[in-house]
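Scroll down for the structure; my scribbles are underneath it.
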Amino acid sequence: MVFALYDTATRSVTPFEPVRPGKVSIYHCGLTVQGPPHIGHIRKEVVFDVLRRWLTRAGYDVTIVANVTDIDDKIIAKGAEQGRPWFAVAYENERALHAAYEVLGCVAPTYEPRATGHVPEMIEMMQELIARGHAYAADDGSGDVYFDVRSWPEYGRLSNQKVDDMQPAEDAPPEGKRDPRDFALWKGHKAGEPETASWPTPWGRGRPGWHLECSAMAAKYLGDEFDIHGGGLDLRFPHHENELAQSTAAGQKFARYWMHNAMLNLSGAKMSKSVGNTLMVSEVVKRVPAIALRYYLVSAHYRSILEFSEEALQEAATAFGRVEGFVTRAAELVGPGDLGEPTLVFSAAMDDDLAVPTALAEVQRVIAEGNRLLSGGASDELRSCLAAVRAMLDVLGLDPLSATWAAGTSDDGARRAADALVASLLEQRAEARAAKDFATADRVRDQLASAGVEVEDTPQGPRWTIQADAKEAT
RNA sequence: GGUGGGUUGGCCGAGAGGAGAGGCAACGGACUGCAAAUCCGUGCACACGGGUUCGAAUCCCGUACCCACCUCCA
């Protein structure tokens with residue numbers, strides 16, 4: 001079966017054929033770094049991380065470009081508000097974004113270009129568009145440059161809208177526009193805005209409009225035609241519609257497939273800064289292990305709205321605990337081994353527009369099989385079962401034994417100290433049990449439990465784990 | 001007003017015309033000194049009203065409600 005992807009432009013699942021054999025080029029819109037990322041933002045990162053991992057496993061050489069929009073109205077406003085340069089605000093939030101990538105185990109994009117570093121490319125593109133009759137500099141002296149929507153018959157194709165049905169663009173005052181729906185490629189410098197937020201152009205000083213940077217950077221890093229362009233569904237219009245118009249009007253082929261992830265809702269509404277219903281990644285990972293948050297975000301199909309609730313998050317953490325439990329128990333018995341191959345059912349699900357929920361059901365099925373094997377002790381069957389499970393989890397970025405997640409959880413001094421202490425207590429308990437002194441045995445177990453150490457008896461003897469939520473015991 | 005998506009068991013969440021996703025929770029059983037973990041089993045859900053069909057959660061028509069976008073948005 002061939003990988004197939006839902007294409008927003010055609011609104012159908014289409015077989016994927018890359019522009020260049022063996023290679024996949026992906027551009028997805030990163031953040032406007034006006035604030036630290038919330039879990040809705042990071043859902044998108046996780047979705048594209050899974051896409052990347054799956055395509056990589058399929059043997060493609062994957063290049064991912066994700067932009068950082070480091071200049072816009074809100075960043076400038078925040079800088080002014082906080083009494084510091086706009087670029088300080090942008091950089092701080094860019095770092096928070098990178099920290100969130102890392103904490104959730106997302107592989108960093110291949111390139112992550114910033115808008116402000118690509119002004120010359122944008123100027124060239126505007127010149128091209130003006131030469132072709134699809135853009136114009138406003139004649140009101142504002143220094144704005146607009147895209148001429150009426151000059152491009154395909155405008156509206158991506159979002160399936162007719163220009164006449166659209167409401168006027170409010171990204172700039174309408175005075176200089178030929179049509180109220182024309183959108184800004186470039187914004188002229190305004191009095192009161194910091195000088196540092198403007199760059200020279202043939203039309204005067206100014207700064208990038210939001211959409212142009214992506215067209216310019218996608219072309220620079222991925223070429224005139226590339227495979228997949230993605231982002232949150234809320235970017236389909238106007239952002240992606242405008243990008244498509246700019247790039248194709250400038251003579252490029254642009255993206256073959258458009259992939260959009262659905263929003264993450266909180267209290268029935270899209271999580272967003274303007275609604276004020278945001279949950280920062282940095283906060284949520286205090287309540288639940290980061291890998292469990294990732295499991296939660298991954299577990300719903302990327303095109304389904306995910307209605308966030310604390311209960312659902314906790315439930316996901318419990319469900320993932322079962323997965324993690326099998327992997328660690330099996331690895332204790334037969335060693336971590338190498339990654340194997342995903343099962344055919346898993347692969348078919350992933351090939352079908354990343355049907356992760358179906359794929360995850362398969363992981364659970366294989367784990368149930370693995371748990372049955374586990375009671376028989378070490379075996380080749382168990383070894384290959386673990387290898388398959390790990391391979392499938394790896395595709396989702398959820399392999400607990402991978403370098404990403406295993407780091408810092410073993411081999412450090414604290415762990416060795418705890419190991420020694422717990423071992424001596426477990427020895428006492430074993431002696432008590434041998435003497436049928438169960439009161440003493442249970443007291444030792446309770447003592448450990450109150451310290452957050454959970455003891456389980458297995459055919460191979462007792463094993464213990466530190467409960468993650470114990471440190472937050474109330 | 002325009003363009004899309006949705007409503008599934010106690011909860012989360014798949015599926016898209018022909019016995020059953022999966023998970024969480026619950027209950028029963030096995031295992032255990034007791035637990036924990038694990039395994040086995042139980043639960044027969046598809047917003048509402050019509051229609052098509054041998055057969056509809058799935059297709060069609062209508063109704064209600066929800067969400068997103070219509071130039072700040074992942």
Side-chain angles (χ1 to χ4, degrees), chain A residues 8 11 28-32 34 37-45 47-48 66 69 72-74 77 149 156 159-162 164-172 180-184 209-211 230-239 241-242 260-265 268-275 295-296 299-301 303-307 309 311-323 325-326 329 349 355-365 367-372 374-375 433 436-439 441-442 445-446 449 454-459 462-463 465:
Chain A
T8 313
R11 290 178 297 285
H28 66 86
C29 289
L31 288 198
T32 301
Q34 45 157 304
H38 60 59
I39 57 173
H41 294 133
I42 212 69
R43 178 185 190 190
K44 186 214 71 176
E45 303 303 342
V47 164
F48 284 91
T69 300
D72 88 319
D73 295 5
K74 286 186 180 172
V149 160
S159 54
N160 194 28
Q161 300 182 92
K162 295 189 190 76
D164 291 319
D165 293 335
M166 290 178 190
Q167 294 171 8
E170 284 164 7
D171 58 346
R181 278 144 298 211
D182 288 352
F183 60 89
W210 173 36
H211 317 296
L233 191 54
D234 53 354
L235 294 187
R236 185 181 45 156
F237 191 89
H239 186 54
E241 187 74 68
N242 292 356
H260 291 101
N261 63 280
M263 300 292 97
L264 185 141
N265 283 8
K270 177 177 80 169
M271 183 171 290
S272 80
K273 283 166 258 195
S274 41
V275 180
Y295 179 88
Y296 170 68
S299 63
H301 187 93
R303 286 194 286 121
S304 296
I305 293 171
L306 190 51
E307 182 69 48
S309 73
E311 296 72 35
L313 179 69
Q314 292 300 336
E315 189 182 287
T318 308
F320 185 71
R322 179 182 148 80
V323 171
F326 166 72
R329 266 183 280 270
V356 175
T358 306
L360 228 31
E362 172 69 358
V363 173
Q364 292 285 358
R365 189 195 63 75
I367 284 176
E369 196 179 302
N371 277 324
R372 284 190 294 271
L374 213 43
S375 58
R433 290 181 74 203
K436 305 252 187 265
D437 177 6
F438 297 119
D442 290 350
R445 189 169 63 196
D446 290 347
E454 189 165 293
V455 177
E456 296 163 34
D457 293 320
T458 76
R463 68 187 291 273
T465 44

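The figures that follow rest on heavy atoms only: side chains count, while hydrogens, waters and symmetry mates do not. Each chain gets a letter, A, B and so on, in the order the sequences are listed, and its residues count up from 1.
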Can you sort out the partners of [X] under salt bridge (Lys or Arg N to Asp or Glu O under 4.0 Å), two or more places apart, ordered by chain and number?
X	value
A:Arg43	none
A:Glu362	A:Arg365
A:Arg181	A:Asp179
A:Glu311	none

In chain order, what residues pass the ring-ring contact (aromatic ring centres under 6.0 Å, His included) check against [X], with sequence neighbours excluded?
X	value
A:Phe320	A:Tyr295
A:His239	A:Trp210, A:His211
A:His38	A:His41

**Q.** Set of residues satisfying side-chain contact (heavy atoms from CB on, under 4.5 Å) with respect to A:Ile305, sequence neighbours excluded
**A.**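 For A:Ile305, the residues satisfying side-chain contact (heavy atoms from CB on, under 4.5 Å) (neighbours in sequence not counted) are A:Ala262, A:Asn265.
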**Q.** Residues that A:Ala269 engages under side-chain contact (heavy atoms from CB on, under 4.5 Å), provided they are two or more places apart
**A.**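 For A:Ala269, the residues satisfying side-chain contact (heavy atoms from CB on, under 4.5 Å) (neighbours in sequence not counted) are A:Asn277.
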Would you indicate, yes or no, if [N] has its OP1 or OP2 atom less than 4.0 angstrom from a side-chain nitrogen or oxygen of [X]?
X	N	answer
A:Lys273	B:A74	yes
A:Thr32	B:C72	no
A:Asn265	B:C67	no

Q: Any chance you could list the contact pattern along nucleotides 37-48 of chain B? Use B for base contacts, S for sugar-phosphate-only contacts and - for none, protein heavy atoms under 4.0 Å, 5' to 3'.
A: SSSS--------
(Q) Strictly under 4.0 angstrom, non-hydrogen atoms only: write out the protein contact profile of nucleotides 5-15 of chain B, one letter per nucleotide from the 5' end, B, S or -. (A) ------BBSS-
Q) Is there a donor and acceptor pair, one atom on the side chain of A:Arg445 and one on the base of B:C34, closer than 3.5 Å? A)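 Per atom types, the contact qualifies.
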Q.
Determine whether a donor-acceptor pair (one donor, one acceptor, N or O, separation below 3.5 Å) exists between the side chain of A:Asp164 and the base of B:G2.
A.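 Looking at the base of B:G2, it does not pair with any donor or acceptor on the side chain of A:Asp164 (distance under 3.5 Å).
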Q | Euclidean distance, atom CG of residue A:Asn242 to atom C1' of B:C69 [Å, nearest integer] | A |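 To the nearest whole Å, that distance equals 13 Å.
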Q: Round to the nearest Å and state the distance from A:Asn261 atom CG to B:C67 atom C1'.
A: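 Roughly 15 Å, once rounded to whole Å.
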Q. Counting side-chain heavy atoms from CB outward, which of B:C72, B:A68, B:G2 is closest to A:Gln161?
A.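 So the nucleotide nearest the side chain must be B:G2.
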Q) Of A:Gly268 and A:Phe438, whose nearest nucleotide on RNA chain B comes first from the 5' end? A)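 Counting from the 5' end, the first nearest nucleotide belongs to A:Phe438.
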Q) Based on Watson-Crick and G-U pairs with both distances under 3.5 Å, what dot-bracket line describes RNA chain B 5' to 3', crossing pairs as [ ] and inter-strand pairs as |? A) (((((((..(((.....[...))).(((((.......)))))....(((((..]....))))))))))))....
